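Remember, it's a predicted structure, so these values are computed and weren't measured experimentally.
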2 protein chains.
Amino acid sequence: MTDRHEQWLAAERLALTLTEGGMQRMAARTLAVFLFTDQESVTAGEIIDRLEASAGSVSSAIKSLLSVGLIERLPAPGSRREHYQLRDNAWATLFTSQNAVIQAMLQAAAAGIATTASGDPAHRRLTEMHDFYEFLLGEIPTLLDRWRQQSG
Amino acid sequence: MTDRHEQWLAAERLALTLTEGGMQRMAARTLAVFLFTDQESVTAGEIIDRLEASAGSVSSAIKSLLSVGLIERLPAPGSRREHYQLRDNAWATLFTSQNAVIQAMLQAAAAGIATTASGDPAHRRLTEMHDFYEFLLGEIPTLLDRWRQQSG
DNA sequence: CGGAGCCTTCAGTAATTTCTGAACGTACGG
DNA sequence: CCGTACGTTCAGAAATTACTGAAGGCTCCG
């Protein structure tokens, strides 16, 4: 427990997993720092040290994590440095961002349906696709409600 | 309707969307052919023509779509060419493949928890993460049951 | 059994993505 | 105010990923 090396390994593996799930590599590694730090908040400089990465890449990783709402900038505690921390509900947010993909699939299917005649096999396939994603999109809010209820 | 150019555009846009969702580019374009073709099944050669891509890249795209269960090889209809088609339930399959990602996140969280003491903020964060993905993983089967029921 | 057509594999190349480093902007502290 | 410490942006370099084309294998047909 609290073995530094083990922890570093676990963090990097988690980052790898996030990357496979579609997140950019540096953003994933940065997110892992926010998860694994033993402090309540973190500065860009600390991330740079911990990841041994350039200031530039860390800066853009922070920017992208901020933009999707996974971390937040803390009201500056008098310091010159900006402090950031993982937001509550970050995981639900990450999951919700899949909604955008589903929405896009739905629209793509609709566009395809509009180009096919109703007897065409393509019309049937695209309609099936459309129905599925429409169903999914409808279920997600309910799902997250259940989560909020269960977790308090 | 059935405007060839419109259809091509819709197919390529759908492929783009799939790519953004994490699918490899050529696999996505190939899947789009399976969706939009007006035939019941398709051969590798037809995909090559339609996408104006090399035999090699189409071959590997087909291989990967087969491996995730989105398309199937048809019992050879006497022809020398292999015929493939979109599988029933392809979309549910595609969605389910997200399970693997969720499972991996769960394990990554568990590994992290094991490296932290219970007073450590990291311990709390990792536990929250773990709980969320555990919840998700449990919900997905139910979700798909509802889909099967609704769609018949 | 030999030829032809189709598909697969793989090494090399092309394209894209990601990272770095330097120059610039900003704000705090003295 | 000036000097210093951070943070950001952006052009170029490095690394990764994806595609092509050629060689090889398999199967069907004559």
Side-chain angles (χ1 to χ4, degrees), chain A residues 11-34 37 39 41-68 70-85, chain B residues 11-12 14-34 37 39 41-68 70-85 101:
Chain A
E12 288 291 334
R13 276 206 211 96
L14 194 147
L16 243 295
T17 302
L18 285 162
T19 301
E20 281 163 20
M23 187 176 290
Q24 296 196 337
R25 185 183 137 84
M26 206 57 177
R29 294 183 70 208
T30 300
L31 187 57
V33 171
F34 280 100
T37 180
Q39 304 165 207
S41 67
V42 172
T43 68
E46 287 162 354
I47 295 169
I48 291 167
D49 292 345
R50 199 144 164 190
L51 299 182
E52 298 181 32
S54 71
S57 58
V58 169
S59 174
S60 77
I62 288 176
K63 191 173 162 188
S64 95
L65 291 176
L66 278 173
S67 76
V68 297
L70 291 175
I71 62 173
E72 61 194 347
R73 178 176 279 131
L74 287 179
S79 157
R80 179 177 320 182
R81 306 174 179 183
E82 302 279 8
H83 283 248
Y84 303 90
Q85 74 179 186
Chain B
E12 288 291 332
L14 194 149
L16 243 297
T17 302
L18 285 163
T19 300
E20 281 163 21
M23 188 176 290
Q24 297 196 334
R25 186 183 135 83
M26 205 57 175
R29 294 183 69 210
T30 300
L31 187 56
V33 171
F34 280 100
T37 179
Q39 304 166 207
S41 67
V42 172
T43 68
E46 287 161 355
I47 296 169
I48 292 168
D49 292 344
R50 199 144 163 187
L51 299 182
E52 297 181 34
S54 72
S57 58
V58 169
S59 175
S60 77
I62 287 176
K63 191 173 160 188
S64 95
L65 292 176
L66 277 173
S67 76
V68 296
L70 291 175
I71 61 173
E72 61 194 346
R73 178 176 281 131
L74 287 179
S79 158
R80 182 175 320 182
R81 306 173 177 183
E82 302 279 8
H83 284 246
Y84 303 91
Q85 73 180 183
V101 177

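- Atom CD of A:Q24 sits in a sparse spot, with 12 or fewer heavy atoms from other residues, nucleotides or ligands closer than 6.0 Å.
- Side chain of A:T19 to backbone of A:A15: a donor-acceptor contact under 3.5 angstrom is found.
- One finds a side-chain N or O of A:K63 lying less than 4.0 angstrom from the OP1 or OP2 phosphate oxygen of D:dT9.
- At whole-Å resolution of the value, CZ in A:R81 and C1' in D:dT8 are 17 Å apart.
- With sequence neighbours excluded, the residues satisfying salt bridge (charged side-chain N to carboxylate O under 4.0 Å, His left out) with A:R73 are A:E82.
- Rounded to whole Å, the distance from CD1 on A:I48 to P on D:dC6 is 10 Å.
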Protein N or O to nucleotides 24-26 of chain C N or O, pairs below 3.5 Å:
none

N/O-N/O pairs, protein side and nucleotides 18-20 of chain C side, under 3.5 Å:
unit_1 : atom_1 : unit_2 : atom_2 : d
C:dT18 : OP2    : A:Q24  : NE2    : 3.1
C:dC19 : OP1    : A:R25  : NE     : 3.3
C:dT20 : OP2    : A:S54  : N      : 3.1
C:dT20 : OP2    : A:S54  : OG     : 3.2
C:dT20 : OP2    : A:S57  : OG     : 2.9

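- Rounded to an integer number of Å, the gap from B:H83 NE2 to D:dT27 C1' is 15 Å.
- Atom CZ of B:R73 and atom P of D:dT27 are 12 Å apart (whole Å).
- With sequence neighbours excluded, the residues that form a side-chain contact (heavy atoms from CB on, under 4.5 Å) with B:S41 are B:L74, B:H83, B:Q85.
- The list of salt bridge (Lys or Arg N to Asp or Glu O under 4.0 Å) pairs with a residue in residues 13-32 of chain A, not counting sequence neighbours, reads A:E12-A:R29.
- Rounded to the nearest 0.5 angstrom, B:Y84 OH and B:T43 OG1 are separated by 9.0 Å.
- Applying the side-chain contact (heavy atoms from CB on, under 4.5 Å) rule to B:L70 yields the partners B:M23, B:L31, B:L65, B:V68, B:A90, B:T93, B:L94; only residues at least two apart in sequence or on another chain are considered.
- Protein atom CD of B:E82 is 10 Å distant from nucleotide atom C1' of D:dT27, rounded to whole Å.
- We find that CD1 of A:I47 is positioned 15 Å from P of D:dC6, with the value rounded to whole Å.
- Relative to the side chain of B:A44, the nucleotides D:dC6, D:dT8, C:dC7 differ in distance, and C:dC7 lies closest.
- Pairs passing the side chain to side chain donor-acceptor pair (under 3.5 Å) check and including a residue from residues 50-64 of chain A, sequence neighbours excluded, read A:S54-A:S57.
- B:E46 places its CD atom 14 Å from the C1' atom of C:dC7, with the value rounded to the nearest Å.
- The salt bridge (Lys or Arg N to Asp or Glu O under 4.0 Å) analysis of residues 53-62 of chain A, with sequence neighbours excluded, yields no pairs.
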